[in-house]
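Below is one structure; the comments refer to it alone.
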Protein chains: 2
Amino acid sequence: MKRRSTPTKEAVLDLLSRRGKAMSQDAIEREIDIDINRATIYRVLNSFCDDGIVHRIVAEDGKQYFAFCINCGENQVPTHHFHFRCTTCKTIECLKEEVHFSLPIGYQVEKVNCILTGTCEDCS
Amino acid sequence: MKRRSTPTKEAVLDLLSRRGKAMSQDAIEREIDIDINRATIYRVLNSFCDDGIVHRIVAEDGKQYFAFCINCGENQVPTHHFHFRCTTCKTIECLKEEVHFSLPIGYQVEKVNCILTGTCEDCS
DNA sequence: TTTATTATTGCAACATAATCGCATTAATAA
DNA sequence: TTATTAATGCGATTATGTTGCAATAATAAA
Ligand SMILES: [Mn+2]
Ligand SMILES: [Mn+2]
Ligand SMILES: [Zn+2]
Ligand SMILES: [Zn+2]
């Protein structure tokens, strides 16, 4: 399915890259300039994830957050990083800190989802 | 609020400890012998979490899983561990592997939720 | 044992997150 | 300019989890 460029996609991607933080669907719908339907936002975000332009983070609040990929490397081995969710300013940011782990023999990892929750510097 | 011992609580806790793996509400309802209302299961699980008898894991499938605490130490400093979710047998298990990280100055962590998803040994 | 207190439970309603079917619109190729 | 089909809006639907309330039952008090 060949992708097409639309105002909606551009606006969402632009917002995510400018924010520099991961955003949830409702935050995007709230903070974006144009009116975009909820289902459409999800579809756009999911396609971005499929294309490796954005990565998805599921927080312990049960919501999905989406972050513009910067060092998520497409060809290179994806180096997983921690995420920090501030319960005060309700943002999620990608941390530099990488996730290191070793698994028991026979286990195969496909996804890594690591989130630290608490209060960020600005809110402390 | 003083806690009371009931057949429901005992059955849920017994199932969790026997399974040795984290279970979701629907899995518990499905695999437990007696009939327990959905809301009740959640209430029981939440109270177990409050009491530190069980710990909660939110997976990237957006669901909550509950695991009987073994080394989650009540008094001792809680040492966070990784969790592994097998998409084949649909189970989540606590790994021995501890989670290590260092945060930027000013950040304060309250919760740690780290999940690796893939295929477990049995299902490989 | 009997009675009183109130934690626990079931049930229905509610809240929220996310997805899906379908008709319409519009980006892009022909 | 026309044809093709990806993208969108809208309403309905599914899924997870919580909450209010009346009924039930565990435990303390008499
Ligand atoms: Mn990230
Ligand atoms: Mn665990
Ligand atoms: Zn903050
Ligand atoms: Zn498995």
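Just the heavy atoms: all of them, side chains too, but no hydrogens, waters or symmetry mates, feed the values below. Each chain gets a letter, A, B and so on, in the order its sequence line appears, and its residues count up from 1.
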When rounded to whole Å, the CD to C1' distance for the pair A:Gln25 and D:dG9 reads 14 Å
Atom NZ of A:Lys63 and atom C1' of C:dT19 are separated, to the nearest Å, by 17 Å
inquiry  = One pair to check against ring pair (Phe, Tyr, Trp, His ring centres under 6.0 Å): A:His55 and A:His81. What are the steps and the verdict?
reply    = CA-CA 11 Å; A:His55 62 281; A:His81 52 272; 5.2 Å; yes
For B:Tyr107, the ring pair (Phe, Tyr, Trp, His ring centres under 6.0 Å) test, sequence neighbours excluded, returns A:Phe84
Over all strands shown, is B:Asp26 touching base, sugar-phosphate only, or nothing at heavy-atom distances under 4.0 angstrom? nothing
Atom CD1 of B:Ile57 and atom C1' of D:dG17 are separated, to the nearest Å, by 17 Å
Between CD of B:Glu29 and P of D:dG17 the distance, given in whole Å, is 12 Å
Those residues at least two apart in sequence (or on a different chain) that pass side-chain hydrogen bond (donor to acceptor under 3.5 Å, both in side chains) with A:Asp61 are A:Tyr65
Item checked: A:Arg38/A:Asp26 salt bridge by N-O under 4.0 Å criterion -> no
inquiry  = Check this for me: does any side-chain nitrogen of one of B:Glu60 and B:Arg85 sit under 4.0 Å from a carboxylate oxygen of the other?
reply    = yes
* Asked: Side-chain contact, heavy-atom cut-off 4.5 Å: B:Glu10 with B:Ser5?
  -> yes
Whole-Å distance, A:Tyr65 OH to C:dT16 P, equals 14 Å
Heavy-atom contacts, protein to nucleotides 1-14 of chain C, under 4.0 Å, summarised as B (base), S (sugar-phosphate only) or - (none) per nt, yield ----BBBSBBB---
Rounded to whole Å, the CD-C1' distance (A:Glu10 to D:dA6) equals 15 Å
From CG of A:Asn46 across to P of C:dA17 the rounded distance in Å is 16 Å
Below 4.5 Å, heavy atoms only, C-beta onward: do A:Ile32 and A:Asp14 meet side chain to side chain?
no
Classify the nucleic acid contact of B:Gln64 as base, sugar-phosphate or nothing, counting any heavy atom under 4.0 Å across all strands shown. sugar-phosphate
From CG of A:Asp51 across to P of D:dA6 the rounded distance in Å is 14 Å
Q.
Below the 4.0 Å mark, does C:dT19 have OP1 or OP2 next to a side-chain nitrogen or oxygen of A:Tyr42?
A. no
